[in-house]
**Student:** 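First, the structure itself, so that you have it in front of you.
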Amino acid sequence: MRIAVALMAAAAGASAAEAQACGPDKLGTSRFVEVGTHGGLEVGLKTYPQTIPLADHEVILTFDDGPAAKTTPEILNALADECVLATFFDIGRDAEALPEIARREVLDGHTVAHHTYSHPQPTLRYMSDAAARDDLLKGMIAVEKAAYAQEFGAGEPKDLKDLKLHAPFFRFPGFADTENLRSWLAANNVGTFGVDLWASDWIRMTPEEELKLVMSRLDRLGKGMLLLHDNRQWTADMIPMLLRELKAKGYRIVHMVPGPGTGPTAPAPKGWFSETGRVTNALRPRFDKSAAKAGDGPIEVKPAPSE
């Protein structure tokens with residue numbers, strides 16, 4: 001734990017130095033929002049009927065499925081160049097394999113959260129509840145050890161209630177949650193994070209195409225929590241362009257950090273429905289077919305048309 005405290009102190013010092021070096025030409029991070037998860041939290045309009053409150057032209061950047069050896073450092077460099085902070089939902093197995101990159105995410109001032117150990121295929125819904133819990137817990141422990149240098153001198157926890165998370169934020173792979181897992185997370189004060197906007201970068205595209213897609217969706221909604229993937233080369237190449245475009249259009253970056261209590265949250269607009277529920281239902285036949293040869297790791301899946 002002493003190492004973890006030292007890492008956090010170093011991160012705070014690095015963030016302060018970065019803030020001093022940021023001039024008006026940089027996008028920067030405009031404010032921090034403390035997100036409490038006591039008793040559970042479910043946010044992200046693509047899946048849940050509430051989200052993190054944001055003002056017009058405020059954006060939260062989140063990344064899934066890292067760390068990756070090449071692309072994650074490229075994205076970290078681009079974020080540092082613009083003094084921008086983001087939340088990384090790391091896969092435990094990949095953080096375990098690349099601890100120096102997971103640790104850098106923390107030292108750079110980012111929030112590092114959780115995204116299972118193995119990113120099961122096709123989704124956690126095709127696992128038993130016990131197996132899914134094991135994968136979640138194993139992933140959280142791996143990220144805590146790699147990113148935050150948490151030590152388990154008395155042995156690794158066997159249950160989530162015994163694990164103290166630096167960032168009690170979790171995102172379901174494919175947003176495929178289950179009632180039992182959501183209840184288990186809530187009972188252990190872990191928040192479930194969906195997202196408000198997709199970059200759809202699970203589809204191969206050019207950086208320019210991705211930028212156009214992201215900005216069209218963001219301009220239409222006006223604000224929101226954005227999902228990107230730091231293991232995609234086209235996204236890594238797009239990020240510097242995105243940050244410049246956000247700056248040019250007057251968008252401001254909000255950074256999520258763990259906080260006390262629960263929330264805050266803002267309700268969904270009138271007429272809300274779960275987009276991920278619609279997409280998951282549309283993809284059910286494909287998932288059922290692939291479940292017979294299920295494995296681990298992110299998979300390429302084209303979503304049902306959403307616009």
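For the numbers below, each heavy atom of this structure counts, side chains included, while hydrogens, waters and symmetry mates do not. For reference, positions follow the sequence shown, starting with 1. Since we're looking at a predicted model, the values are computed, not measured.
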**Student:** Apply the test side chain to side chain contact (heavy atoms under 4.5 Å, CB included) to residues H119 and R93: give CA-CA distance (whole Å), side-chain angles for both, the deciding distance (0.1 Å), then the verdict.
**Tutor:** CA-CA 9 Å; H119 202 294; R93 180 178 57 191; 5.6 Å; no
**Student:** Would you sort out whether Y251 and L218 count as a side chain to side chain contact (heavy atoms under 4.5 Å, CB included), showing the intermediate values?
**Tutor:** CA-CA 10 Å; Y251 284 94; L218 184 55; 3.6 Å; yes
**Student:** Just jot down the salt bridge (charged side-chain N to carboxylate O under 4.0 Å, His left out) partners of D129, sequence neighbours excluded, or say none.
**Tutor:**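 For D129, the residues satisfying salt bridge (charged side-chain N to carboxylate O under 4.0 Å, His left out) (neighbours in sequence not counted) are R133.
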**Student:** Taking salt bridge (charged side-chain N to carboxylate O under 4.0 Å, His left out) as the test, write out the residues that go with E82, two or more places apart.
**Tutor:**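 E82 satisfies salt bridge (charged side-chain N to carboxylate O under 4.0 Å, His left out) with no other residue.
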**Student:** Among residues two or more places apart or on two chains, list those pairs meeting salt bridge (charged side-chain N to carboxylate O under 4.0 Å, His left out) that have a residue in residues 28-39.
**Tutor:**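 Sorted result for residues 28-39: R31-E58.
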**Student:** In the single-linkage hydrophobic clustering (I, L, V, M, F, W, Y; side-chain heavy atoms under 4.5 Å), do I91 and L137 co-cluster?
**Tutor:**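 No: no chain of side-chain contacts under 4.5 Å links I91 to L137.
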**Student:** May I have the list of side-chain donor-acceptor pairs in residues 237-248 shorter than 3.5 Å, sequence neighbours left out?
**Tutor:**
residue	atom	partner	partner atom	Å
D237	OD1	Q233	NE2	3.0
K247	NZ	P24	O	2.8
K247	NZ	K26	O	3.4

**Student:** Would a hydrophobic clustering, with Ile, Leu, Val, Met, Phe, Trp and Tyr connected at side-chain separations under 4.5 Å, put L54 with F169?
**Tutor:**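 Same hydrophobic cluster.
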**Student:** Rounded to the nearest 0.5 Å, what's the gap from CG on D230 to CG on L61? Could you check?
**Tutor:**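 Answer for the CG-CG pair, D230 versus L61, is 12.0 Å.
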**Student:** Hey, quick one: are I60 and F175 part of the same hydrophobic cluster, counting side-chain heavy atoms closer than 4.5 Å, chains of contacts allowed?
**Tutor:**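 Yes.
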**Student:** Linking I/L/V/M/F/W/Y whenever their side-chain heavy atoms sit closer than 4.5 Å, directly or via other members, would W202 and F193 fall into one cluster?
**Tutor:**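 The answer is yes; both residues are in one hydrophobic cluster.
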**Student:** Looking at I253, is its backbone amide N or carbonyl O close enough to the side chain of T29 to form a donor-acceptor pair, meaning the two atoms are under 3.5 Å apart?
**Tutor:**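 Checking the backbone N and O of I253 against the side chain of T29, no donor-acceptor pair under 3.5 Å is found.
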**Student:** State whether D177 and R182 are salt-bridged, where the test is any N-O pair (Lys NZ or Arg NE/NH1/NH2 against Asp/Glu carboxylate O) under 4.0 Å.
**Tutor:**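 Salt bridge present between D177 and R182.
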**Student:** Roughly how far, to the nearest 0.5 Å, is the CG atom of L221 from the CG atom of D196?
**Tutor:**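 Output value for this atom pair is 6.5 Å.
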**Student:** With rounding to the nearest 0.5 Å, note down the distance linking CG in D65 to CG in L228.
**Tutor:**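 Atom-to-atom, D65:CG and L228:CG are 11.5 Å apart.
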**Student:** May I ask you to list the residues sharing a hydrophobic cluster with L45, side-chain cutoff 4.5 Å, ordered by chain and number?
**Tutor:**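 Grouped by the 4.5 Å side-chain rule, W272 form the rest of the cluster around L45.
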**Student:** Check the orientation of H115 and F89. Use parallel for under 30°, tilted for 30 to 60°, and perpendicular for over 60°.
**Tutor:**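 It falls in the perpendicular class, over 60°.
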**Student:** V112 and Y148: which non-hydrogen atoms are nearest, and at how many Å?
**Tutor:**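 Minimum heavy-atom contact is O-OH, 2.9 Å.
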**Student:** Hydrophobic clusters here meaning ILVMFWY residues chained together by side-chain heavy-atom distances under 4.5 Å, can you tell me if L227 and M256 are in one?
**Tutor:**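 Linked, L227 and M256 end up in one cluster.
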**Student:** If you measure from OG1 on T51 to NZ on K46, what distance do you get to the nearest 0.5 Å?
**Tutor:**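 Reported to 0.5 Å precision, the distance equals 11.5 Å.
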**Student:** Quick one: side-chain contact (heavy atoms from CB on, under 4.5 Å) partners of T265, sequence neighbours excluded?
**Tutor:**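 Expected list: L41, V43, Q50.
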